[in-house]
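The structure appears below as structure tokens.
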Amino acid sequence: AVVTNDTKYEWDFGDGSIINTLHTPVHPYKQFDNAKDYTVSLTIKGPGGLVTVSQKITIPAKTKLQYLTGGTATAQKSRTWRINQKAAFLDVALADANLTSQIPSSYRIGGILASVGLANAYKDVFVFKSDGTMKMTSNGGGVLTSLAYCMGNSINPLSSYAELGLAYAPITPSTNATFTINEHKNYTLTTPVGNVTYTDVMTISFTNGGFLGLRDFTNECIVKNITDNSMDVVLFYAHPKYGTKPMLALVVTMEAIGTN
């Protein structure tokens, strides 16, 4: 049929949303971990009849930058993260291929740092911006770090837990830190007992004094999983008995607490 004096428009965007009857609507699609195809149909009606045209479109997968920052390079946003005290899991592991746990299973809970004098670690926040910059804010008078880092930089910690080599110390975060997301990386870590390679992992590498969760000599961490609300990370750190090379790993869940 040929439509003349068209009077009605019906847009079906193929994603289960209601039919849109505007002439030139703007329709947002939700992004997922994988790219997703939709068929968009437009039906135009008028006294002369109606006609329907359809076209397949592909919505790209959500990027790791979007998960981390809430934005893109062109639509810039920032997302704020902190260690999740209520998380179901936290571990201290060897920096080996299997991340072998070094603490009893009953201690592997998100709030355990508070039980060993390091509660202020949950107060500090880390803001990742989609332009590649970041800001770390200390809300407890310092940052979570390692005793090895304190010793190597002549810093007196505010509190510490010597058994695991962790401390909370008066370190002023950098104001011009930057980060880079690395996907599908074969990340090689040089430990006191040799090199360990983590195959096909996502990492975040930091420059200009940037860090996530724990300040130490190592400027890169592994991201095991990430969503808009949660991020499981492996934070490598040194132990005083073994110098400045990473010997242990703090495996924690970060929670997103805001997007701007």
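- Residues Arg82 and Lys123 form no side-chain contact, since every pair of their non-hydrogen atoms from C-beta on lies 4.5 Å or further apart.
- Side-chain contact check for Thr188 and Thr197: at least one donor-acceptor pair (N or O, by modelled atom type) lies under 3.5 Å.
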Could you check Ile44 against Tyr9 for side-chain contact (heavy atoms from CB on, under 4.5 Å), going step by step and ending with a plain yes or no?
-> CA-CA 5 Å; Ile44 305 175; Tyr9 301 83; 4.0 Å; yes
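- Contact of the Ser159 side chain with the Leu118 side chain is registered, since non-hydrogen atoms from C-beta on lie closer than 4.5 Å.
- Counting only heavy atoms from C-beta outward, the side chains of Thr253 and Glu255 never approach each other to under 4.5 Å.
- Proximity of a side-chain donor or acceptor of Tyr161 to a complementary backbone N or O of Gly117 within less than 3.5 Å is not detected.
- Between Tyr38 and Tyr29, the ring planes are tilted. Angles from 30° to 60° get that label.
- Checking Asn229 against Thr227 by side-chain atom types alone, no donor-acceptor pair falls below 3.5 Å.
- Relative ring orientation between Phe211 and Phe126 is described as perpendicular, the plane-to-plane angle rising above 60° on a 0-90° scale split at 30° and 60°.
- Here Leu214 contributes atom CG and Leu166 contributes atom CG; the two are 6.5 Å apart, rounded to the nearest 0.5 Å.
- The number of heavy atoms from other shown groups lying within 6.0 Å of CG (Leu22) is above 12.
- Under a 3.5 Å cut-off, the side chain of Tyr122 and the backbone N or O of Leu113 do form a donor-acceptor pair.
- Between Ile103 and Arg108 the shortest side-chain heavy-atom distance falls below 4.5 Å.
- Using a 4.5 Å cut-off on side-chain heavy atoms (C-beta onward), Thr137 and Pro173 make no contact.
- Hydrophobic cluster membership differs between Leu144 and Phe89, with clusters built from Ile, Leu, Val, Met, Phe, Trp and Tyr side chains linked at under 4.5 angstrom.
- Pairing each heavy atom of Gly243 with each of Ala238, the nearest pair is O-CB, 3.3 Å.
- Put simply, the side chain of Asn153 never gets that close to the backbone of Ile155: no donor and acceptor are under 3.5 Å apart.
- Gly209 and Met136 get closest at one heavy-atom pair: O-CE, 3.5 Å.
- Atom CD of Glu163 and atom CG of Leu147 lie 12.0 Å apart (nearest 0.5 Å).
- Linking Ile, Leu, Val, Met, Phe, Trp and Tyr whenever their side-chain heavy atoms come within less than 4.5 Å leaves Phe206 and Val234 in two separate clusters.
- Remark: the backbone N or O of Asp124 is not paired with any side-chain donor or acceptor of Asn139 at under 3.5 angstrom.
- The CG atom of Asn260 sits 5.0 Å away from the OG atom of Ser78 when rounded to the nearest 0.5 Å.
- One hydrophobic cluster, built from ILVMFWY side chains closer than 4.5 Å, holds both Ile83 and Val116.
- Separation of atoms OG1 (Thr80) and CD1 (Ile257) is listed at 5.5 Å; rounding is to 0.5 Å.
- Checked by atom type and distance alone, the side chain of Thr69 pairs as donor or acceptor with a backbone atom of Leu65 at under 3.5 Å.
- Under a hydrophobic clustering in which Ile, Leu, Val, Met, Phe, Trp and Tyr are joined whenever their side-chain heavy atoms come within less than 4.5 Å, directly or via other members, Ile204 and Leu189 fall into different clusters.
- You'll find the side chain of Ile112 stays beyond 4.5 Å of the side chain of Val92, heavy atoms only.
- Leu212 has its side chain within reach of Phe128: a pair of non-hydrogen atoms, C-beta onward, lies under 4.5 Å apart.
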Evaluate the criterion side-chain contact (heavy atoms from CB on, under 4.5 Å) for residue pair Asn84 and Val252; output intermediate values, then yes/no.
-> CA-CA 8 Å; Asn84 187 351; Val252 298; over 6 Å; no
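- The nearest pair of heavy atoms linking Leu99 to Ala249 is CD2-CB, 4.1 Å.
- For the residue pair Tyr198 and Val201, the shortest heavy atom distance occurs at O-CG2, 3.7 Å.
- Smallest separation of non-hydrogen atoms from Thr259 and Arg79: OG1-NE, 2.8 Å.
- Residues Leu248 and Phe217 are members of one and the same hydrophobic cluster, defined by side-chain heavy-atom contacts under 4.5 angstrom among Ile, Leu, Val, Met, Phe, Trp and Tyr.
- Surrounding NZ of Lys185 are more than 12 heavy atoms belonging to other residues, nucleotides or ligands, all under 6.0 Å away.
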Could you give me the CA-CA distance, side-chain angles and deciding distance for Val223 and Lys64, then say whether side-chain contact (heavy atoms from CB on, under 4.5 Å) is met?
-> CA-CA 10 Å; Val223 179; Lys64 296 300 189 288; over 6 Å; no
So Ser17 and Trp11, side-chain contact (heavy atoms from CB on, under 4.5 Å) or not? Walk me through it.
-> CA-CA 10 Å; Ser17 59; Trp11 290 89; over 6 Å; no
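- Between Lys30 and Asp15 there is no salt bridge, since none of the side-chain N atoms of the basic residue sits less than 4.0 Å from a carboxylate O of the acidic one.
- Atom NZ of Lys62 sits in a crowded spot, with more than 12 heavy atoms from other residues, nucleotides or ligands closer than 6.0 Å.
- Of the possible donor and acceptor atoms, one in the side chain of Ser130 sits under 3.5 Å from a partner among the backbone N and O of Lys77.
- Although no hydrogens or angles enter the test, the distance criterion places a donor-acceptor pair under 3.5 Å between the side chain of Gln31 and the main chain of Pro60.
- The closest side-chain heavy-atom distance from Trp81 to Met231 is below 4.5 Å.
- Taking every heavy atom of both residues into account, Met151 and Pro240 meet most closely at SD-CB, 3.7 Å.
- When each of Ser205, Pro246, Ser146 is paired with Thr218, the side-chain contact (heavy atoms from CB on, under 4.5 Å) condition holds for Pro246 and for no other.
- For Ser160 (side chain) and Ala162 (main-chain N/O), no donor-acceptor pair under 3.5 Å exists by modelled atom type.
- Note: Thr199 OG1 to Asn186 CG = 5.0 Å, rounded to the nearest 0.5 Å.
- If you take CD1 on Ile18 and CD on Glu10, they are separated by 12.0 Å, rounding to the nearest 0.5 Å.
- Classification of the Tyr187-Phe236 ring pair by plane angle, with boundaries at 30° and 60°, yields tilted.
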